[in-house]
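Since this is a predicted model, take the numbers as computed values, not measurements. Just follow the structure's listing: the first ligand is 1, and inside any ligand the first atom is 1.
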Amino acid sequence: MSTLLIKNATVLVTMDDHQREIAEGGLFVRDGFIEQAGPTGELPLEADEVLDLRGHVLMPGLVNTHHHFYQTLTRAVPAAQDANLFNWLKTLYPIWARLTPEDIFISTQTALAELALSGCTTAADHLYLYPNGVRLDDEIAAAQEVGVRLQASRGSMSLGESKGGLPPDAVVDTEDKILADSQRLIQKYHDAKPGAWVQIVLAPCSPFSVSSELMKQSSKLAREYGVRLHTHLAETEDEEQFCLKKFGHRPVAYMQSVDWVGEDVWFAHAVYVNAEEVKTFAKHGCGVAHCPSSNMRLASGIAPVKEYVRAGVKVGLGVDGSASNDGSHMLGEARQAMLLARLKEGLSGFSLSDDPARKLMTAREALRLATRGGAAVLGRTDIGSLEAGKCADFFAINLNRLDYAGALHDPVAAVVFCHPVRADYNVIGGRFVVRARQLVTVDEGHLVEKHNRAAKRLMEGD
Ligand SMILES: [Zn+2]
């Protein structure tokens with residue numbers, strides 16, 4: 001039994017159903033779960049550890065719904081800097097084919113360290129290349145050391161160039177091997193209980209790198225075990241053309257044809273969807289991981305996020321892989337989501353003076369996507385808000401800093417409107433991962449050194 005008292009936060013943002021923001025707020029935590037959330041005066045006076053957050057804003061941990069951790073090794077690769085999705089992938093596949101188990105371990109720690117410093121407490125990762133003995137186990141072991149909750153997606157590619165797919169044959173696997181490994185991972189790691197640190201997700205990569213048969217077999221296997229399904233969908237116009245030509249369907253109809261709609265499915269991007277397809281997602285409970293930075297970086301397009309929210313589709317935010325972002329900053333992503341949604345309104349030719357009720361996306365709406373939205377997309381009811389019974393996953397930012405100078409009229413909005421900053425504290429399941437702006441569970445300097453060495457070796461190919 002251990003207890004933690006967090007007190008005197010300038011404002012506690014609960015993200016509960018009433019959107020309560022509590023002045024002089026705090027939390028009382030027991031064994032990794034929140035026992036009480038409210039004004040400091042109503043909380044117990046003592047605990048095994050007490051943290052006074054006077055002058056800080058206290059928020060629920062952010063939930064990242066889409067990433068490829070390994071790509072932190074290939075950020076800003078010169079030949080892939082100015083390409084669209086298909087060309088970017090074709091440039092990077094041969095480099096990624098050299099990944100080793102150690103590369104996966106190091107890059108996972110780098111991505112999670114960045115995420116933790118940006119307020120993230122749960123991350124979904126999508127690992128879809130398994131060259132040179134790489135296993136998802138390498139990523140899980142690395143995440144356990146950092147102490148961030150992980151939705152580890154067993155990705156896969158089976159449709160190589162010789163069968164009409166996009167990736168070279170050297171980076172795809174046989175479908176028997178993929179399914180056997182998927183089952184092994186579920187049996188070994190998947191934890192369905194509240195407070196789970198690791199959950200397994202089955203995640204064939206995309207319509208242009210996986211066969212219809214593997215899509216069907218993956219959904220069958222996932223549903224036998226009650227694990228979730230994830231894939232990239234409707235990311236670019238090229239993909240839409242590929243699906244029409246190869247399957248005779250637009251991407252969403254193709255998903256319906258392979259049993260890939262349901263409340264247990266979430267899609268990354270979902271940019272190219274029409275009004276009917278938005279309704280299909282809402283009707284079946286499919287979720288969307290919105291990745292604004294990546295969609296801008298690769299000139300993919302702008303996802304209809306406000307339309308999704310209005311239709312009742314679950315939407316979370318994802319930083320996407322670090323080769324198309326090129327960072328893992330969840331507050332930065334919330335800011336991008338807010339700004340891009342506003343740009344989309346502007347580009348639609350719509351004028352606010354025509355319809356004042358149709359508001360621009362607010363900072364609080366962006367934060368909600370990054371917390372409750374992400375939790376809903378991942379099917380987790382134990383995270384996303386600071387309320388009794390939920391996981392003690394939260395972060396805090398000291399408001400007395402240059403970045404927020406002049407913005408303290410509304411400290412909660414400042415967190416999104418102002419330049420994204422480092423979290424001062426990040427606590428996951430009651431354990432400190434960041435304290436006083438420093439990582440607690442990994443040595444940052446040593447990690448950067450190892451990471452740069454691995455990235456250099458990967459690029460040079462020896
Ligand atoms: Zn992705």
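Judged by the 6.0 Å distance and 45° axis criteria, Arg250 is not positioned over the aromatic ring of Tyr272.
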Trace of the ring pair (Phe, Tyr, Trp, His ring centres under 6.0 Å) decision for His67 with Phe69:
CA-CA 6 Å; His67 206 318; Phe69 295 156; 4.9 Å; yes

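Between Tyr128 and Trp96, the ring planes are perpendicular. Angles over 60° get that label, and only those under 30° would be called parallel. Using a 30° and 60° split on the angle between ring planes, Tyr425 and His56 fall in the tilted class, from 30° to 60°.
Our summary of the site lists the angle at the Zn ion (ligand 1) between NE2 of His232 and NE2 of His66 as 90°, to the nearest 10 degrees.
In Asp320, the N, O or S atom that comes nearest to the Zn ion (ligand 1) is OD1. The atom of His68 that is an N, O or S and sits closest to the Zn ion (ligand 1) is NE2.
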